[in-house]
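Quick caveat, the model's predicted, so the values are computed rather than measured. Remember, it's 1-based here, ligands and their atoms both numbered in the order they're listed. For this chain, numbers begin at 1 and follow the sequence in order. The analysis underlying the following values was restricted to heavy atoms, covering all of them including side chains, and did not include hydrogens, waters or symmetry mates.
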Amino acid sequence: MNANLYHLFQSRFPADLDDCWCETEDQHYYSWRDLERGTAKIANLLSSCDLPAGSCIAAQVEKSPEALMLYLATIRAGFVYLPLNTAYRANEMDYFINDAAPAVVVCSPQNFGWVSQLAFKAGTAHVFTLDELRSGKNSGSLLSRAAAQSDTFKTIQKNPDDLAAILYTSGTTGRSKGAMLTQHNLASNIQTLHTYWQWQKGDVLLHALPLFHIHGLFVAAHGALMNGSKMIFLSKFDSTAVIQQLARSSVFMGVPTYYVRLLSDPHFNRECCTKMRLFISGSAPLLSETFHQFTVRTGHTILERYGMSETAMLTSNPYQGVRKAGTVGLPLPDVSVRITNQAGDICKNEEIGDIQVKGPTVFSGYWNMPEKTAEEFTADGYFKTGDVGCFDTDGYLSIVGRSKDLIISGGYNVYPKEIESEIDTLPGVMESAVIGLPHADFGEAVTAVVVMKKDEMLSEEVVINTLKNRIANYKVPKQVYFVAELPRNTMGKVQKNILRKTYTQE
Ligand code: AMP
């Protein structure tokens with residue numbers, strides 16, 4: 001049995017390879033045969049480079065069907081894929097390239113100068129370029145070199161535990177770590193999600209996420225591949241384009257910001273969604289308000305799920321059954337999720353503690369960091385996610401925050417999410433982020449950063465006084481800042497490290 005992930009996808013291709021695999025926003029069509037041939041050519045090119053077995057292929061490229069083919073060709077040829085955020089600049093790229101030591105780096109032509117300099121210095125053997133898709137044509141040395149290669153390729157034999165990809169964590173504290181994911185980690189996760197979300201014949205995925213992150217690559221693109229389904233591929237999220245394409249799609253996956261943006265577009269309504277079957281949210285917390293507004297506007301209930309680069313998907317609200325706002329649902333089949341308190345004991349329902357997980361999708365360790373890997377696993381093999389949360393009495397998981405965001409004020413634990421939820425209910429508040437700042441007396445002082453809705457105003461005094469009547473005094477923010485928007489990364493996560501830095505300086 002070949003455990004190569006591409007082999008699994010191949011077994012799921014539609015019977016007619018001339019069916020559409022991928023359609024771009026400027027109406028370029030790629031068939032499944034194009035996918036098979038395109039990946040064969042790139043796989044042949046990579047194989048002709050005489051790379052050591054298990055070499056890593058790093059890619060910092062704009063989103064395009066060819067970029068997805070590069071990923072699939074890497075897997076097909078038995079190499080390890082390392083996607084890199086297109087926003088990374090020289091010092092970040094220098095770190096990743098030196099840490100992962102990729103044998104091949106693929107970058108956009110406009111970055112070739114500085115990327116190749118870094119890569120060759122770090123010992124990379126080949127640097128290719130791949131341009132973004134322009135009027136149906138990608139340029140760059142990767143495709144021009146691959147063009148001369150054969151369009152057939154025998155997918156390389158792999159074992160389940162062989163490495164498929166390295167995903168660097170966003171590293172908001174300390175060094176970014178490379179999570180090593182095996183063929184089996186990725187295959188088992190997508191097989192589970194395929195069944196759990198009831199992918200159906202005729203489904204069409206509207207793909208608006210980036211390809212360098214687990215969400216766009218291993219949840220969205222893998223889902224369509226596993227179902228032999230067509231993708232409508234947007235180079236980036238744009239609410240007008242999404243609204244236009246939703247009419248022809250049945251599955252959409254997004255980060256919460258996408259849903260907020262769709263709701264703020266007056267053209268977004270029930271009529272756009274008549275063909276839609278499933279809206280999925282993840283990568284950051286979906287506000288209950290967004291969840292409810294979405295149902296009122298479209299008649300659809302967003303399905304929220306939870307996972308991370310190190311573990312792929314862990315929990316999901318059910319496809320059939322109740323999807324609860326503010327929760328990330330139930331543990332997926334085969335995944336064991338437990339919550340532990342500081343003494344290491346299992347928490348009761350509704351008791352907040354550290355989320356630990358075990359299952360076939362949990363990664364094999366951090367690249368080049370055996371000690372860090374050992375620290376993050378318990379003696380009985382559970383991975384410490386670093387997220388804090390609790391189960392309700394129905395077994396639904398809620399995430400309260402990251403353990404590193406926990407505030408300890410005057411010796412008491414303060415969970416930011418609890419305070420944020422209270423602030424978000426105040427009139428006129430759009431959203432908030434609560435952080436701890438160094439404080440001489442308390443150790444850390446609870447501090448709120450609040451975004452108001454358009455034309456609405458509140459004073460610091462009103463926020464503080466209202467909260468004093470609702471929550472224990474030690475949880476009430478000592479200071480409240482009002483801002484136009486919260487700093488977020490591309491996956492919609494609020495960057496609390498930036499807020500802490502900004503307001504510590506103030
Ligand atoms: P990443 O590795 O970039 O996917 O980030 C994983 C982290 O994102 C998790 O550890 C959580 O802190 C957060 N996350 C992912 N999905 C959700 C969700 N549905 N709700 C809240 N936080 C989430």
Side-chain angles (χ1 to χ4, degrees), residues 83-85 87-88 165-174 176-181 185-186 189 193 197 209-220 222 253-260 279-288 290-291 294 302-318 323-332 335 337 339 352 354-357 361-363 366-367 376 382-390 396-406 415-418 420-421 431 433 486 488-497:
L84 292 166
N85 192 323
Y88 289 148
I166 299 179
L167 287 191
Y168 275 85
T169 57
S170 35
T172 46
T173 52
S176 179
K177 304 178 287 291
M180 298 190 288
L181 293 157
N185 290 151
L186 300 177
N189 202 224
L193 295 177
W197 293 339
L209 288 157
L211 280 182
F212 51 72
H213 187 265
I214 182 163
H215 197 166
L217 194 55
F218 300 152
V219 187
H222 276 188
M253 302 191 194
V255 296
T257 324
Y258 293 3
Y259 292 106
V260 173
F279 287 96
I280 299 176
S281 176
S283 294
L286 180 75
L287 292 178
S288 295
T290 312
F291 176 94
F294 198 87
I302 299 175
L303 181 153
E304 185 171 5
R305 77 351 169 238
Y306 157 64
M308 58 200 303
S309 304
E310 288 94 330
T311 62
M313 296 306 106
L314 297 164
T315 72
S316 170
N317 273 281
R323 299 178 193 167
K324 288 196 198 183
T327 83
V328 293
L330 306 156
L332 287 167
V335 179
V337 180
I339 315 247
I352 293 171
D354 294 324
I355 303 175
Q356 300 183 345
V357 299
T361 65
V362 176
F363 74 139
Y366 292 114
W367 177 259
E376 300 302 328
Y382 277 76
F383 173 61
K384 304 174 194 167
T385 62
D387 289 316
V388 176
C390 63
Y396 284 64
L397 182 68
S398 291
I399 298 177
V400 175
R402 299 280 302 157
S403 55
K404 64 172 195 292
D405 292 334
L406 175 76
Y415 297 101
K417 175 83 181 286
E418 185 193 346
E420 289 159 6
S421 306
E431 58 173 349
L486 297 173
R488 285 199 145 83
N489 70 10
T490 17
M491 299 313 293
K493 293 184 215 292
V494 175
Q495 293 169 301
K496 289 200 169 175
N497 54 325

- Query: Which is it for E431 and R488 under the salt bridge (Lys or Arg N to Asp or Glu O under 4.0 Å) test, yes or no, and what are the steps along the way?
  - Reply: CA-CA 13 Å; E431 58 173 349; R488 285 199 145 83; 3.0 Å; yes
- Query: Which protein residues have a heavy atom closer than 4.0 Å to any atom of ligand 1, listed by chain and number?
  - Reply: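 Within 4.0 Å of ligand 1, protein side: H213, I214, S283, A284, P285, E304, R305, Y306, G307, M308, S309, V328, D387, I399, R402, K493.
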Examine distances only and state if a side-chain atom of [X] and a backbone atom of [Y] form a donor-acceptor pair shorter than 3.5 Å.
X: S316; Y: P318; value: no
X: K404; Y: G386; value: no
X: N189; Y: M313; value: yes

- Taking only residues two or more places apart in sequence, or in another chain, which ones meet V260 in a side chain to side chain contact (heavy atoms under 4.5 Å, CB included)?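 In terms of side chain to side chain contact (heavy atoms under 4.5 Å, CB included), with neighbours along the sequence ignored, V260 is linked to T290.
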- Task: For a side-chain contact (heavy atoms from CB on, under 4.5 Å) with I339, tell me which candidate from D387, I352, L397 qualifies.
- Result: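 So, applying the side-chain contact (heavy atoms from CB on, under 4.5 Å) to I339 and each of D387, I352, L397, only L397 qualifies.
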